[in-house]
Amino acid sequence: LHMTDYVSSQGEFADWKGDTARRRQFQEALTACMKRNVNKLFASGLMIEDYDAINRAYCLNEFVGSPFAVCGHQSLVKLYRWADRKKLNSKHILAFFENGDKDKGDFQKWAKALSLEWGYSEPGFLPKENAVQFQAADYAAWKYRIALQNARKPDLSIENAARLLESLGTLTSIPRNCTGLDFDSLKQYCEKRGVPRRAEV
């Protein structure tokens, strides 16, 4: 499953364009499958404009890396905290990320340091076709991204907020730790990790 193809009705979804009923049924089946097979959902996201604004004030890119590195770092921390709370054997926790992101190098540095710090195996990287779990992650990321973008609209009403939650469907019934980093939380992130401010020009 490639959400890019699904959303734009390309590839195997070429004849799905405008077929709302078929799409709704497909998404309901996907979320039901995830509910049966996913124990805990971890996700971190951010808005690029917030990242860019903070990066103009702090040396975020130089000291942490790209948005991919920031979100990957946050997701790993969530996983490790959860595993520690559950007192899970570190040998039973294996983390994998999809290979191919151009900013993977930034994140690999953080991932290695984090896994050593917490006592877990260093995360691995696999191509999407080698791990069906990435398809579920792609779908969940798309659903949460749309909800996050719509939630930030200045004219969001209570009714529309309720519809946003409804649009996530069965995903909301899966135990999860999903957050979106905005300008303020990215600023706190920088200050907590000692990311230096840029020199005033």
Side-chain angles (χ1 to χ4, degrees), residues 1-52 66-76 78-79 94-108 111 123-157 159-182:
L1 172 66
H2 292 273
M3 288 308 297
T4 304
D5 290 342
Y6 174 73
V7 173
S8 58
S9 298
Q10 296 178 356
E12 63 186 309
F13 303 105
D15 61 344
W16 289 40
K17 193 174 183 70
D19 195 339
T20 306
R22 188 178 187 185
R23 287 177 176 274
R24 184 182 299 113
Q25 185 179 23
F26 180 63
Q27 290 183 43
E28 287 173 357
L30 284 175
T31 51
C33 178
M34 288 180 67
K35 182 173 172 56
R36 289 193 304 271
N37 294 287
V38 176
N39 179 275
K40 181 83 170 181
L41 181 62
F42 300 94
S44 295
L46 56 79
M47 292 296 181
I48 296 297
E49 58 266 29
D50 288 339
Y51 173 91
D52 289 341
S66 65
F68 179 81
V70 173
C71 292
H73 174 263
Q74 289 290 286
S75 296
L76 266 186
K78 290 174 185 179
L79 169 65
L94 297 174
F96 291 93
F97 289 81
E98 187 177 340
N99 200 9
D101 192 285
K102 63 183 178 65
D103 295 319
K104 183 180 81 171
D106 289 338
F107 173 59
Q108 276 184 305
F125 292 83
L126 293 172
K128 189 170 188 175
E129 59 270 19
N130 288 9
V132 70
Q133 294 87 342
F134 291 153
Q135 298 178 46
D138 196 11
Y139 173 69
W142 173 71
K143 292 291 283 184
Y144 276 105
R145 180 176 62 82
I146 297 299
L148 182 60
Q149 285 176 327
N150 289 327
R152 286 172 56 99
K153 291 182 177 177
D155 59 345
L156 182 70
S157 63
E159 294 80 14
N160 286 340
R163 278 197 287 272
L164 278 181
L165 282 175
E166 187 179 320
S167 74
L168 290 170
T170 313
L171 285 178
T172 59
S173 65
I174 299 173
R176 65 200 180 280
N177 185 341
C178 302
T179 55
L181 297 166
D182 59 10

Engineer: About how many Å separate CG of Asn99 and NZ of Lys104, when rounded to the nearest 0.5 Å?
Structural biologist: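 Separation between the atoms: 3.5 Å.
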Engineer: Describe, in one word, how the ring planes of Trp142 and Tyr139 are oriented to each other, choosing from parallel (under 30°), tilted (30 to 60°) and perpendicular (over 60°).
Structural biologist: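 It falls in the tilted class, 30° to 60°.
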Engineer: Could you tell me whether the side chain of Lys78 and the main chain of Leu41 form a donor-acceptor pair under 3.5 Å?
Structural biologist: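 Judged by distance alone, no pair lies under 3.5 Å.
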Engineer: Does CD in Gln25 sit with more than 12 non-hydrogen atoms of other residues, nucleotides or ligands closer than 6.0 Å?
Structural biologist: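 Counting neighbours around CD of Gln25, 12 or fewer heavy atoms of other residues, nucleotides or ligands fall under 6.0 Å, so no.
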Engineer: Taking all non-hydrogen atoms of both residues into account, name the closest pair between Ser75 and Ala43 and its distance.
Structural biologist: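 Shortest heavy-atom separation between Ser75 and Ala43 comes out as OG-C, 4.1 Å.
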Engineer: Do you know the tightest heavy-atom contact between Glu98 and Phe134?
Structural biologist: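 Here Glu98 and Phe134 meet closest at N-CZ, 3.4 Å.
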Engineer: Once side-chain hydrogen bond (donor to acceptor under 3.5 Å, both in side chains) is applied, do any residues pair with Asp5, and if so which ones, sequence neighbours excluded?
Structural biologist: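 With neighbours one apart ignored, the set is empty.
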Engineer: Calculate, to the nearest 0.5 Å, the distance between atoms CG and CZ belonging to Asn130 and Phe96 respectively.
Structural biologist: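 Taking CG in Asn130 and CZ in Phe96, the distance rounds to 10.5 Å.
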Engineer: Given the rule in the side chain to side chain contact (heavy atoms under 4.5 Å, CB included) test, do Gln135 and Val132 qualify, once you have shown the distances and angles that lead to the verdict?
Structural biologist: CA-CA 5 Å; Gln135 298 178 46; Val132 70; 3.6 Å; yes
Engineer: Quick one: which residue pairs count as a salt bridge (Lys or Arg N to Asp or Glu O under 4.0 Å) with a foot in residues 19-36, not counting sequence neighbours?
Structural biologist: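 Of all non-adjacent pairs touching residues 19-36, those that pass salt bridge (Lys or Arg N to Asp or Glu O under 4.0 Å) are Asp15-Arg22.
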Engineer: Any luck finding a side-chain donor-acceptor pair between Asn177 and Lys40 under 3.5 Å?
Structural biologist: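 No, because no side-chain N or O of Asn177 sits under 3.5 Å from a partner of the opposite role on Lys40.
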Engineer: Enter the distance from Phe26:CZ to Leu1:CG here, rounded to the nearest 0.5 Å.
Structural biologist: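 With rounding to 0.5 Å, CZ (Phe26) is 5.0 Å from CG (Leu1).
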Engineer: How many angstroms lie between CG in Leu181 and OH in Tyr51, if you round to the nearest 0.5 Å?
Structural biologist: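 That separation rounds to 12.0 Å.
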Engineer: From His73 NE2 over to Phe107 CZ, what is the distance, rounded to the nearest 0.5 angstrom?
Structural biologist: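 One finds 9.0 Å between NE2 of His73 and CZ of Phe107.
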Engineer: Using every non-hydrogen atom in the two residues, find where Ala140 and Met34 come nearest and quote the distance to one decimal.
Structural biologist: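 Answer, listing the atom of Ala140 first, then Met34: CB-CE, 3.9 Å.
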Engineer: For the residue pair Phe97 and Phe125, categorise the inter-ring angle as parallel (less than 30°), tilted (30 to 60°) or perpendicular (more than 60°).
Structural biologist: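 It falls in the tilted class, 30° to 60°.
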Engineer: To the closest 0.5 Å, what do you measure between NZ (Lys128) and NE2 (His2)?
Structural biologist: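 Atom-to-atom, Lys128:NZ and His2:NE2 are 5.0 Å apart.
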